[in-house]
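Counting starts at 1 for both ligands and their atoms, following the listed order. Residue numbers start at 1 and run along the sequence shown.
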Amino acid sequence: MNRTCVITGATSGLGRATALALAGLGADVMLVGRNQPLGEHVAQLCRKRNPGARAQFLRADLSSQTDVRVLAAAIRRQCERVDVLINNAGARYDTYDESPEGIERTFAGNHIGHFLLTHLLLSHLELAKPGRVITIGSVAHLGADLTSGWVECCNGYNRRRAYANSKLANIVFARELAARKDPTNVTSNAVDPGIVLSRFAKNNGLKSWLTHVVAHAIRRELVSAAVGADTIVYLATSEAGTAVTGRYFCKRAETSVSPLAEDPEVGRQVWTLSLTLTGLRQ
Ligand SMILES: NC(=O)c1ccc[n+]([C@@H]2O[C@H](COP(=O)([O-])OP(=O)(O)OC[C@H]3O[C@@H](n4cnc5c(N)ncnc54)[C@H](OP(=O)(O)O)[C@@H]3O)[C@@H](O)[C@H]2O)c1
């Protein structure tokens, strides 16, 4: 497969599994994350899977817009085009913190960083005719609550709402991008990977991670990262990833989104807010 795939959050979990699968299919993979040793290790594993393919780790914190701009410039310099961009990096934070630009860091890292990265890579994606943008959502978007706005404040910080709103923003962004782009240039779809056994929630400590894992294991919801990554790899490699745009996929099939996610006014809100927070012009 003669394709260049950029995967954010490739040091662990779904991103790592997606990178390994795509490298195994012959793709060149550009891996993004903050943890340099883990990233280099995944790149090495990808090269082992396919010695002919290029696998490179690029360190960047998606919640830092400076990092994202440096990252995008490096990708544009090093790749002739980008065939697939997988907006996967994501986290939930138990305590309030802000990005270098002063944006609550769940929203900054999960959504704003990907909004900016996608825009800065659009010209390279369009060269793939069409480039594919695949953004990872979550069933958690069903719990979004916009009554106090999109972005959490320090006072009254609610980690679940922060995460749910950021995942809603991911899905809305995927749909809005599709509505604004000619699908012969760029397609944009989102994925619900299911409930995945990964490092998700480990950033908040072992206890927080175990609570998360055990709760889902008891409900027999957990799947492996490789199983969760299957739909991402499917959209990155099959005709389905270019045949449709603006859709939400789970287990390789189109699935529905919450009423908020398909509300055109919510779409306009996310777009305008993201342009403002990134300083990108319409
Ligand atoms: N686990 C689930 O059940 C589940 C369910 C639905 C959706 N998801 C979504 O799936 C995606 C992947 O999660 P996962 O389950 O694979 O969790 P994970 O194992 O914790 O992986 C998250 C990845 O994102 C990276 N990351 C997080 N914040 C980042 C930032 N600010 N800048 C750069 N990289 C960042 C991490 O790398 P570094 O630490 O190296 O930065 C890591 O590679 C997330 O978007 C998550 O919301 C997960």
Side-chain angles (χ1 to χ4, degrees), residues 6-20 29-43 57-68 70-71 86-93 97-101 103-117 134-144 159-160 162-171 173-174 190-205 208-209 211-217 219 221-232 248-251 255:
V6 175
I7 305 146
T8 70
T11 59
S12 167
L14 283 165
R16 180 184 189 275
T18 301
L20 289 172
V29 288
M30 306 294 275
L31 316 172
V32 180
R34 293 164 300 182
N35 188 318
Q36 187 94 27
L38 275 184
E40 299 289 1
H41 179 62
V42 178
F57 176 70
L58 297 166
R59 208 211 75 83
D61 180 345
L62 266 293
S63 68
S64 158
Q65 293 184 30
T66 305
D67 273 21
V68 172
V70 172
L71 169 69
I86 299 171
N87 289 326
N88 164 75
R92 189 177 70 193
Y93 297 96
D97 199 1
E98 290 179 358
S99 70
E101 289 79 21
I103 304 164
E104 188 283 313
R105 73 173 157 178
T106 321
F107 197 74
N110 295 7
H111 167 62
I112 291 294
H114 288 122
F115 180 89
L116 181 59
L117 180 63
I134 301 166
T135 302
I136 312 308
S138 168
V139 68
H141 87 277
L142 297 172
R159 65 177 185 141
R160 285 194 188 281
Y163 181 68
N165 288 2
S166 75
K167 289 286 122 185
L168 175 64
N170 285 148
I171 295 167
F173 165 60
V191 169
D192 170 2
I195 308 292
V196 178
L197 180 58
S198 67
R199 285 198 305 151
F200 186 80
K202 229 177 197 171
N203 56 304
N204 300 309
S208 189
W209 178 73
T211 309
H212 167 77
V213 168
V214 170
H216 290 296
R219 294 202 287 267
E221 290 171 337
L222 280 182
V223 299
S224 71
V227 168
D230 176 71
T231 302
I232 307 171
Y248 190 42
F249 283 81
C250 183
K251 294 184 183 164
T255 189

Within the 4.0 Å heavy-atom sphere of ligand 1, strictly under, residues: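 Ligand 1 is contacted, at a heavy-atom distance under 4.0 Å, by G9, A10, T11, S12, G13, L14, G33, R34, N35, A60, D61, L62, S63, N88, A89, G90, I136, G137, S138, Y163, K167, P193, G194, I195, V196, S198, R199, F200.
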Just verifying a value: how many Å separate R92 CZ and F200 CZ, rounded to the nearest 0.5 Å?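 Spacing of CZ (R92) from CZ (F200) equals 5.0 Å.
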Nearest 0.5 Å, what's the OG1-CG distance between T66 and L71?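 If I round to the nearest 0.5 Å, the distance is 12.0 Å.
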Are the side chains of E101 and I112 in contact, using a 4.5 Å heavy-atom criterion?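 Side-chain contact under 4.5 Å: no.
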Do the side chains of L38 and R16 get nearer than 4.5 Å, heavy atoms only?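 Answer no - side chains too far apart.
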Which pairs with one or both residues in residues 221-231 pass side-chain hydrogen bond (donor to acceptor under 3.5 Å, both in side chains), sequence neighbours excluded?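 Of all non-adjacent pairs touching residues 221-231, those that pass side-chain hydrogen bond (donor to acceptor under 3.5 Å, both in side chains) are H216-E221, R219-E221, D230-R252.
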Hey, can you tell me if H111 and F173 have their rings parallel, tilted or perpendicular (30° and 60° cut-offs)?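 If you compare the ring of H111 with that of F173, the planes turn out perpendicular.
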